[in-house]
Amino acid sequence: MSKPKVLVTGIIPEQGLKELKETFDVFYDPEVETREWILEHLSEYDGLLLMGTKADKELIDAGTNLKIITANGVGFDHIDIEYAKSKGIVVSNCPKGVRVPTAEMTFTLLLATVRRLHMYDKIVREGKWVDVSEEKYMGMSLQGKKLGVFGMGRIGSEVAKFAQVFGMDVIYNDPHPFSEELEKKLNVKYVDFDTLVAESDVITLHAPALPSTAGKFNKDVFAKMKNTAYIVNAARGVLIKQDDLIEALKNHDIAGAGLDVFETEPVVPEALRELDNVVMSPHAGTGTLEARTAIAEEASNNLISYLRDGKAVNQVNK
(Lines give C-alpha, C1' and ligand atoms only; values in the text may rest on other atoms or scores of the structure.)
Protein backbone atom coordinates (compact mmCIF):
# COMPACT_ATOMS: atom_id res chain seq x y z
CA MET A 1 0.00 0.00 0.00
CA SER A 2 1.44 3.36 -1.04
CA LYS A 3 2.16 6.01 1.56
CA PRO A 4 0.05 9.17 1.73
CA LYS A 5 1.66 12.09 -0.07
CA VAL A 6 2.32 15.37 1.73
CA LEU A 7 3.33 18.71 0.25
CA VAL A 8 5.34 21.08 2.45
CA THR A 9 5.40 24.75 1.44
CA GLY A 10 7.43 27.72 2.61
CA ILE A 11 10.82 27.60 4.31
CA ILE A 12 10.84 24.99 7.08
CA PRO A 13 13.81 23.71 9.14
CA GLU A 14 14.65 20.26 7.76
CA GLN A 15 15.15 18.82 11.25
CA GLY A 16 11.51 19.60 12.03
CA LEU A 17 10.36 17.41 9.15
CA LYS A 18 12.35 14.30 10.07
CA GLU A 19 9.46 12.18 11.39
CA LEU A 20 7.12 13.37 8.65
CA LYS A 21 9.59 12.24 5.97
CA GLU A 22 10.04 8.89 7.69
CA THR A 23 6.27 8.35 7.75
CA PHE A 24 4.99 9.69 4.42
CA ASP A 25 6.00 10.46 0.86
CA VAL A 26 6.96 14.12 1.34
CA PHE A 27 7.76 16.71 -1.29
CA TYR A 28 9.57 19.82 -0.09
CA ASP A 29 11.43 22.18 -2.40
CA PRO A 30 10.94 25.91 -1.70
CA GLU A 31 12.95 26.71 -4.83
CA VAL A 32 10.17 25.50 -7.14
CA GLU A 33 7.03 25.89 -5.00
CA THR A 34 5.52 29.07 -6.38
CA ARG A 35 1.77 29.48 -5.95
CA GLU A 36 1.35 28.57 -9.62
CA TRP A 37 3.34 25.36 -9.10
CA ILE A 38 1.28 24.49 -6.02
CA LEU A 39 -2.00 25.01 -7.89
CA GLU A 40 -0.77 22.78 -10.70
CA HIS A 41 0.43 19.91 -8.51
CA LEU A 42 -1.71 20.01 -5.36
CA SER A 43 -4.17 17.41 -6.65
CA GLU A 44 -1.45 14.77 -6.18
CA TYR A 45 -1.32 15.24 -2.39
CA ASP A 46 -3.30 13.99 0.61
CA GLY A 47 -1.86 16.48 3.10
CA LEU A 48 -0.58 20.05 2.98
CA LEU A 49 1.80 21.66 5.46
CA LEU A 50 1.13 25.28 4.64
CA MET A 51 3.41 28.27 5.02
CA GLY A 52 3.92 31.29 2.82
CA THR A 53 0.78 31.14 0.68
CA LYS A 54 -2.98 31.49 1.10
CA ALA A 55 -5.31 28.53 1.14
CA ASP A 56 -8.20 30.38 -0.47
CA LYS A 57 -11.01 28.81 -2.49
CA GLU A 58 -8.85 28.58 -5.59
CA LEU A 59 -6.12 26.65 -3.82
CA ILE A 60 -8.56 24.42 -1.92
CA ASP A 61 -10.35 23.58 -5.18
CA ALA A 62 -6.99 22.59 -6.66
CA GLY A 63 -6.46 20.08 -3.83
CA THR A 64 -8.96 17.56 -5.11
CA ASN A 65 -7.46 14.77 -2.98
CA LEU A 66 -6.61 16.85 0.09
CA LYS A 67 -7.72 15.46 3.42
CA ILE A 68 -5.92 17.85 5.77
CA ILE A 69 -4.25 21.27 5.73
CA THR A 70 -2.11 22.22 8.69
CA ALA A 71 -0.92 25.78 9.19
CA ASN A 72 2.72 26.03 10.18
CA GLY A 73 1.84 28.30 13.10
CA VAL A 74 -1.03 29.28 15.33
CA GLY A 75 -2.71 31.74 12.95
CA PHE A 76 -5.11 30.42 10.32
CA ASP A 77 -6.69 33.58 8.91
CA HIS A 78 -4.88 32.83 5.61
CA ILE A 79 -6.93 29.65 5.25
CA ASP A 80 -10.61 29.60 4.25
CA ILE A 81 -11.49 27.15 7.01
CA GLU A 82 -15.22 27.03 6.33
CA TYR A 83 -14.74 26.36 2.62
CA ALA A 84 -12.24 23.64 3.50
CA LYS A 85 -14.82 22.15 5.87
CA SER A 86 -17.42 22.13 3.09
CA LYS A 87 -14.96 20.10 1.02
CA GLY A 88 -14.38 17.63 3.87
CA ILE A 89 -10.87 18.90 4.57
CA VAL A 90 -9.60 19.13 8.15
CA VAL A 91 -7.70 22.31 9.00
CA SER A 92 -5.35 22.32 11.98
CA ASN A 93 -2.85 24.72 13.52
CA CYS A 94 0.14 24.69 15.87
CA PRO A 95 -0.67 26.49 19.13
CA LYS A 96 2.00 24.94 21.35
CA GLY A 97 5.21 25.73 19.51
CA VAL A 98 4.47 29.45 19.17
CA ARG A 99 3.63 30.12 22.83
CA VAL A 100 6.98 30.89 24.45
CA PRO A 101 8.85 32.42 21.47
CA THR A 102 5.97 34.78 20.65
CA ALA A 103 5.73 35.77 24.32
CA GLU A 104 9.48 36.42 24.27
CA MET A 105 9.15 38.64 21.21
CA THR A 106 6.21 40.47 22.78
CA PHE A 107 8.21 41.28 25.86
CA THR A 108 11.27 42.20 23.81
CA LEU A 109 9.16 44.75 21.95
CA LEU A 110 7.54 45.90 25.18
CA LEU A 111 10.87 46.61 26.87
CA ALA A 112 12.39 48.21 23.79
CA THR A 113 9.34 50.40 23.36
CA VAL A 114 8.88 51.68 26.91
CA ARG A 115 12.63 52.25 27.29
CA ARG A 116 12.69 54.08 23.92
CA LEU A 117 15.46 51.89 22.56
CA HIS A 118 14.86 52.82 18.90
CA MET A 119 15.39 56.52 19.61
CA TYR A 120 18.49 55.88 21.75
CA ASP A 121 19.99 53.55 19.15
CA LYS A 122 19.41 56.05 16.37
CA ILE A 123 20.99 58.89 18.37
CA VAL A 124 24.13 56.90 19.20
CA ARG A 125 24.51 55.57 15.65
CA GLU A 126 24.41 59.15 14.38
CA GLY A 127 27.36 60.00 16.63
CA LYS A 128 25.22 62.10 18.94
CA TRP A 129 24.49 62.03 22.66
CA VAL A 130 21.63 63.15 24.89
CA ASP A 131 21.24 63.82 28.59
CA VAL A 132 18.53 61.40 29.77
CA SER A 133 18.04 63.50 32.90
CA GLU A 134 15.89 65.63 30.59
CA GLU A 135 12.32 64.35 30.80
CA LYS A 136 11.76 64.47 27.05
CA TYR A 137 14.37 61.72 26.64
CA MET A 138 13.12 59.48 29.43
CA GLY A 139 11.35 56.18 29.06
CA MET A 140 9.01 54.41 31.50
CA SER A 141 9.82 51.92 34.26
CA LEU A 142 7.62 48.82 34.46
CA GLN A 143 7.56 48.20 38.21
CA GLY A 144 4.17 49.13 39.62
CA LYS A 145 2.68 49.74 36.17
CA LYS A 146 -0.40 48.01 34.80
CA LEU A 147 -0.26 45.62 31.85
CA GLY A 148 -3.51 45.11 29.96
CA VAL A 149 -3.66 41.82 28.03
CA PHE A 150 -6.19 41.68 25.20
CA GLY A 151 -6.70 37.96 24.61
CA MET A 152 -5.60 35.83 27.56
CA GLY A 153 -4.83 32.57 25.80
CA ARG A 154 -1.58 30.58 25.87
CA ILE A 155 0.61 33.46 24.69
CA GLY A 156 -1.16 36.14 26.69
CA SER A 157 -0.84 34.05 29.84
CA GLU A 158 2.88 33.61 29.24
CA VAL A 159 3.35 37.35 28.74
CA ALA A 160 1.47 37.94 32.00
CA LYS A 161 4.02 35.74 33.81
CA PHE A 162 6.91 37.72 32.33
CA ALA A 163 5.26 41.01 33.32
CA GLN A 164 4.86 39.95 36.92
CA VAL A 165 8.59 39.24 37.16
CA PHE A 166 9.07 42.93 36.34
CA GLY A 167 6.64 43.96 39.07
CA MET A 168 3.67 44.77 36.85
CA ASP A 169 0.01 44.31 37.78
CA VAL A 170 -1.92 42.40 35.12
CA ILE A 171 -5.48 42.95 33.96
CA TYR A 172 -7.03 41.26 30.95
CA ASN A 173 -9.98 41.17 28.61
CA ASP A 174 -11.10 38.01 26.86
CA PRO A 175 -14.41 36.57 25.59
CA HIS A 176 -13.90 33.67 27.99
CA PRO A 177 -12.82 34.96 31.42
CA PHE A 178 -11.00 32.62 33.79
CA SER A 179 -12.60 31.25 36.91
CA GLU A 180 -11.99 33.21 40.09
CA GLU A 181 -9.77 30.39 41.33
CA LEU A 182 -7.59 30.47 38.20
CA GLU A 183 -7.36 34.26 38.30
CA LYS A 184 -6.00 34.04 41.84
CA LYS A 185 -3.52 31.38 40.81
CA LEU A 186 -2.27 33.44 37.86
CA ASN A 187 -2.56 36.74 39.79
CA VAL A 188 -4.56 38.41 37.01
CA LYS A 189 -7.89 40.28 37.00
CA TYR A 190 -10.62 40.33 34.34
CA VAL A 191 -11.91 43.77 33.32
CA ASP A 192 -14.22 44.96 30.56
CA PHE A 193 -12.67 46.34 27.39
CA ASP A 194 -13.18 50.02 28.24
CA THR A 195 -11.50 49.55 31.63
CA LEU A 196 -8.58 47.74 29.99
CA VAL A 197 -8.11 50.64 27.59
CA ALA A 198 -8.43 53.38 30.21
CA GLU A 199 -6.31 51.88 32.99
CA SER A 200 -3.43 50.11 31.22
CA ASP A 201 0.05 51.60 31.03
CA VAL A 202 0.90 49.02 28.38
CA ILE A 203 -1.63 47.10 26.27
CA THR A 204 -0.46 43.91 24.57
CA LEU A 205 -2.54 42.13 21.94
CA HIS A 206 -2.95 38.36 21.73
CA ALA A 207 -6.30 37.83 20.02
CA PRO A 208 -6.92 36.02 16.71
CA ALA A 209 -7.95 37.86 13.56
CA LEU A 210 -11.75 37.63 13.52
CA PRO A 211 -14.52 39.93 12.30
CA SER A 212 -15.06 40.89 15.95
CA THR A 213 -11.40 41.81 16.52
CA ALA A 214 -10.38 43.36 13.17
CA GLY A 215 -9.81 47.08 13.65
CA LYS A 216 -10.62 46.80 17.35
CA PHE A 217 -7.86 49.24 18.21
CA ASN A 218 -8.71 52.42 16.34
CA LYS A 219 -8.74 56.20 16.81
CA ASP A 220 -11.57 56.02 19.32
CA VAL A 221 -9.65 53.53 21.45
CA PHE A 222 -6.38 55.44 21.21
CA ALA A 223 -8.23 58.58 22.37
CA LYS A 224 -9.33 56.72 25.51
CA MET A 225 -5.84 55.41 26.35
CA LYS A 226 -3.51 57.29 28.65
CA ASN A 227 -1.24 59.57 26.64
CA THR A 228 1.62 57.95 28.55
CA ALA A 229 0.52 54.41 27.53
CA TYR A 230 2.06 52.06 25.00
CA ILE A 231 0.61 49.35 22.75
CA VAL A 232 2.38 46.17 21.64
CA ASN A 233 1.15 43.84 18.88
CA ALA A 234 2.78 40.51 18.10
CA ALA A 235 -0.53 38.83 17.22
CA ARG A 236 -2.24 39.92 13.99
CA GLY A 237 -1.78 43.21 12.15
CA VAL A 238 -5.49 43.68 11.42
CA LEU A 239 -6.26 44.11 15.13
CA ILE A 240 -5.00 47.69 14.80
CA LYS A 241 -6.22 50.30 12.33
CA GLN A 242 -2.80 51.23 11.07
CA ASP A 243 -3.60 54.75 9.82
CA ASP A 244 -5.26 55.57 13.14
CA LEU A 245 -2.20 54.32 15.02
CA ILE A 246 0.10 56.48 12.91
CA GLU A 247 -1.94 59.56 13.76
CA ALA A 248 -2.04 58.66 17.45
CA LEU A 249 1.73 58.26 17.52
CA LYS A 250 2.32 61.47 15.56
CA ASN A 251 0.03 63.47 17.82
CA HIS A 252 1.35 61.78 20.99
CA ASP A 253 -2.15 60.61 21.90
CA ILE A 254 -0.23 57.54 23.10
CA ALA A 255 3.43 57.31 24.03
CA GLY A 256 4.56 54.59 21.65
CA ALA A 257 4.08 51.22 20.00
CA GLY A 258 5.95 47.95 19.51
CA LEU A 259 4.89 46.09 16.37
CA ASP A 260 5.81 42.68 15.00
CA VAL A 261 2.78 42.56 12.69
CA PHE A 262 1.15 45.09 10.39
CA GLU A 263 -2.20 45.61 8.73
CA THR A 264 -0.52 45.97 5.32
CA GLU A 265 2.43 43.60 5.76
CA PRO A 266 4.86 43.02 4.20
CA VAL A 267 4.46 46.67 3.19
CA VAL A 268 5.03 49.07 6.09
CA PRO A 269 4.03 52.69 5.34
CA GLU A 270 6.78 55.29 5.28
CA ALA A 271 4.74 57.40 7.71
CA LEU A 272 5.11 54.64 10.29
CA ARG A 273 8.77 53.95 9.53
CA GLU A 274 9.67 57.61 10.07
CA LEU A 275 8.43 57.73 13.66
CA ASP A 276 10.89 57.38 16.54
CA ASN A 277 8.26 56.26 19.08
CA VAL A 278 7.64 52.91 17.43
CA VAL A 279 9.81 49.76 17.47
CA MET A 280 9.21 47.29 14.63
CA SER A 281 10.17 43.77 13.57
CA PRO A 282 9.19 41.79 10.43
CA HIS A 283 6.65 39.30 11.84
CA ALA A 284 9.51 37.55 13.61
CA GLY A 285 7.73 36.34 16.75
CA THR A 286 8.73 32.73 16.15
CA GLY A 287 11.97 33.64 14.41
CA THR A 288 14.33 31.27 16.20
CA LEU A 289 15.63 27.92 15.00
CA GLU A 290 14.32 26.25 18.14
CA ALA A 291 10.84 27.69 17.68
CA ARG A 292 10.55 26.98 13.96
CA THR A 293 11.76 23.42 14.48
CA ALA A 294 9.22 22.83 17.26
CA ILE A 295 6.41 24.27 15.12
CA ALA A 296 7.36 22.07 12.16
CA GLU A 297 7.34 19.05 14.46
CA GLU A 298 3.90 20.03 15.76
CA ALA A 299 2.59 20.50 12.21
CA SER A 300 4.07 17.12 11.25
CA ASN A 301 2.31 15.51 14.19
CA ASN A 302 -0.99 17.02 13.01
CA LEU A 303 -0.53 15.34 9.64
CA ILE A 304 0.67 12.03 11.03
CA SER A 305 -2.12 11.84 13.59
CA TYR A 306 -4.78 12.34 10.94
CA LEU A 307 -3.42 10.60 7.83
CA ARG A 308 -1.98 7.58 9.67
CA ASP A 309 -4.07 7.29 12.84
CA GLY A 310 -7.32 9.00 11.84
CA LYS A 311 -7.17 11.44 14.77
CA ALA A 312 -7.68 15.14 14.08
CA VAL A 313 -5.63 17.17 16.58
CA ASN A 314 -5.52 20.96 16.85
CA GLN A 315 -8.46 21.11 14.41
CA VAL A 316 -9.85 24.63 13.92
CA ASN A 317 -12.78 23.90 11.56
CA LYS A 318 -14.79 21.30 13.47
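Only a predicted model underlies this, so the values are computations on that prediction, with no experimental measurement involved.
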Would you please test Leu48 and Leu59 for side-chain contact (heavy atoms from CB on, under 4.5 Å) and show each step? CA-CA 11 Å; Leu48 174 63; Leu59 187 139; 3.9 Å; yes
Crowded around [X] [atom1]? As in, over 12 foreign heavy atoms under 6.0 Å?
{"X": "Gln15", "atom1": "CD", "result": "yes"}
{"X": "Glu134", "atom1": "CD", "result": "yes"}
{"X": "Leu210", "atom1": "CG", "result": "yes"}
{"X": "Glu126", "atom1": "CD", "result": "yes"}

[X] side chain to [Y] main-chain N or O, any donor-acceptor pair under 3.5 Å?
{"X": "Glu40", "Y": "Trp37", "value": "no"}
{"X": "Asp174", "Y": "Pro177", "value": "no"}
{"X": "Asn251", "Y": "Glu247", "value": "yes"}
{"X": "Ser200", "Y": "Ile203", "value": "no"}
{"X": "Asn317", "Y": "Val91", "value": "yes"}
{"X": "Asn277", "Y": "Leu249", "value": "yes"}
{"X": "Tyr45", "Y": "Val8", "value": "no"}
{"X": "Asp29", "Y": "Glu31", "value": "yes"}
{"X": "Asp309", "Y": "Lys311", "value": "no"}

Measuring only between side-chain heavy atoms, which start at C-beta, is [X] closer than 4.5 Å to [Y]?
{"X": "Val26", "Y": "Leu17", "result": "no"}
{"X": "Leu110", "Y": "Leu147", "result": "yes"}
{"X": "Tyr230", "Y": "Val278", "result": "no"}
{"X": "Ile171", "Y": "Val188", "result": "no"}
{"X": "Thr264", "Y": "Pro269", "result": "yes"}
{"X": "Tyr28", "Y": "Leu49", "result": "no"}
{"X": "Leu245", "Y": "Leu259", "result": "yes"}
{"X": "Ile68", "Y": "Leu307", "result": "yes"}

Could you grab the distance from atom [atom1] of [X] to atom [atom2] of [Y], nearest 0.5 Å is fine?
{"X": "Glu270", "Y": "Arg273", "atom1": "CD", "atom2": "CZ", "answer": "5.5 Å"}
{"X": "Met168", "Y": "Asn187", "atom1": "CE", "atom2": "CG", "answer": "13.0 Å"}
{"X": "Leu7", "Y": "Ile69", "atom1": "CG", "atom2": "CD1", "answer": "10.5 Å"}
{"X": "Lys184", "Y": "Ser179", "atom1": "NZ", "atom2": "OG", "answer": "10.0 Å"}
{"X": "Asn233", "Y": "Thr106", "atom1": "CG", "atom2": "OG1", "answer": "8.5 Å"}
{"X": "Tyr190", "Y": "Phe178", "atom1": "OH", "atom2": "CZ", "answer": "12.0 Å"}

Closest non-hydrogen atom pair between [X] and [Y], with its separation:
{"X": "Asp131", "Y": "Tyr137", "result": "O-CD1, 3.5 Å"}
{"X": "Ala291", "Y": "Pro101", "result": "CB-CG, 3.5 Å"}
{"X": "Ala296", "Y": "Ile12", "result": "CB-CG2, 3.4 Å"}

Checking side-chain contact (heavy atoms from CB on, under 4.5 Å) for the pair Asn72/Leu50: CA distance, chi angles, key distance, verdict? CA-CA 6 Å; Asn72 193 63; Leu50 184 71; over 6 Å; no
Is there a path of hydrophobic side-chain contacts, each under 4.5 Å between heavy atoms, that joins [X] and [Y]?
{"X": "Leu142", "Y": "Met119", "result": "no"}
{"X": "Ile254", "Y": "Phe193", "result": "yes"}
{"X": "Val149", "Y": "Val191", "result": "no"}
{"X": "Val90", "Y": "Met51", "result": "yes"}
{"X": "Val238", "Y": "Val267", "result": "no"}

How about Phe150 and Tyr172: are their ring centroids closer than 6.0 Å? no
Walk me through it: do Glu22 and Lys18 pass the test salt bridge (Lys or Arg N to Asp or Glu O under 4.0 Å)? CA-CA 6 Å; Glu22 291 171 352; Lys18 185 174 182 293; 2.8 Å; yes
Could you tell me whether the side chains of [X] and [Y] share a donor-acceptor contact shorter than 3.5 Å?
{"X": "Thr70", "Y": "Asn302", "result": "yes"}
{"X": "Thr286", "Y": "Arg292", "result": "yes"}
{"X": "Asp244", "Y": "Asn218", "result": "no"}
{"X": "Ser281", "Y": "Asp260", "result": "yes"}
{"X": "Thr204", "Y": "His206", "result": "yes"}

Taking side chain to side chain contact (heavy atoms under 4.5 Å, CB included) as the test, write out the residues that go with Arg125, two or more places apart.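 Applying side chain to side chain contact (heavy atoms under 4.5 Å, CB included) to Arg125 gives Asp121.
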Regarding Lys5 and Glu44, does a basic nitrogen lie under 4.0 Å from an acidic carboxylate oxygen? yes
With side-chain contact (heavy atoms from CB on, under 4.5 Å) as the test, would you mind laying out the steps for Glu298 and Asn314 before giving the verdict? CA-CA 10 Å; Glu298 189 174 0; Asn314 297 322; 3.6 Å; yes
Give me each pair satisfying salt bridge (charged side-chain N to carboxylate O under 4.0 Å, His left out) with a member in [range], each pair once, sequence neighbours excluded.
{"range": "residues 51-79", "value": "Arg35-Asp56, Arg35-Glu58, Asp46-Lys67, Asp61-Lys87, Asp77-Arg236"}
{"range": "residues 197-223", "value": "Lys146-Glu199, Asp201-Lys226"}
{"range": "residues 91-109", "value": "Arg99-Glu158"}

List for me each residue that meets ring-ring contact (aromatic ring centres under 6.0 Å, His included) alongside Tyr306, sequence neighbours excluded, and say none if there are none.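 Testing Tyr306 for ring-ring contact (aromatic ring centres under 6.0 Å, His included), a comparison that skips the adjacent residues, returns none.
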With side-chain contact (heavy atoms from CB on, under 4.5 Å) as the test, would you mind laying out the steps for Ile123 and Trp129 before giving the verdict? CA-CA 6 Å; Ile123 288 168; Trp129 204 256; 5.6 Å; no
Under 6.0 Å from the ring centre and within 45 degrees of the ring axis: does the NZ or CZ of Lys3 meet both conditions for the six-membered ring of Phe24? no
What residues form a side-chain hydrogen bond (donor to acceptor under 3.5 Å, both in side chains) with Lys145, not counting sequence neighbours? none
Between Phe162 and Phe107, what is the ring plane arrangement, given parallel below 30°, perpendicular above 60°, and tilted in between?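 Plane angle over 60°, so perpendicular.
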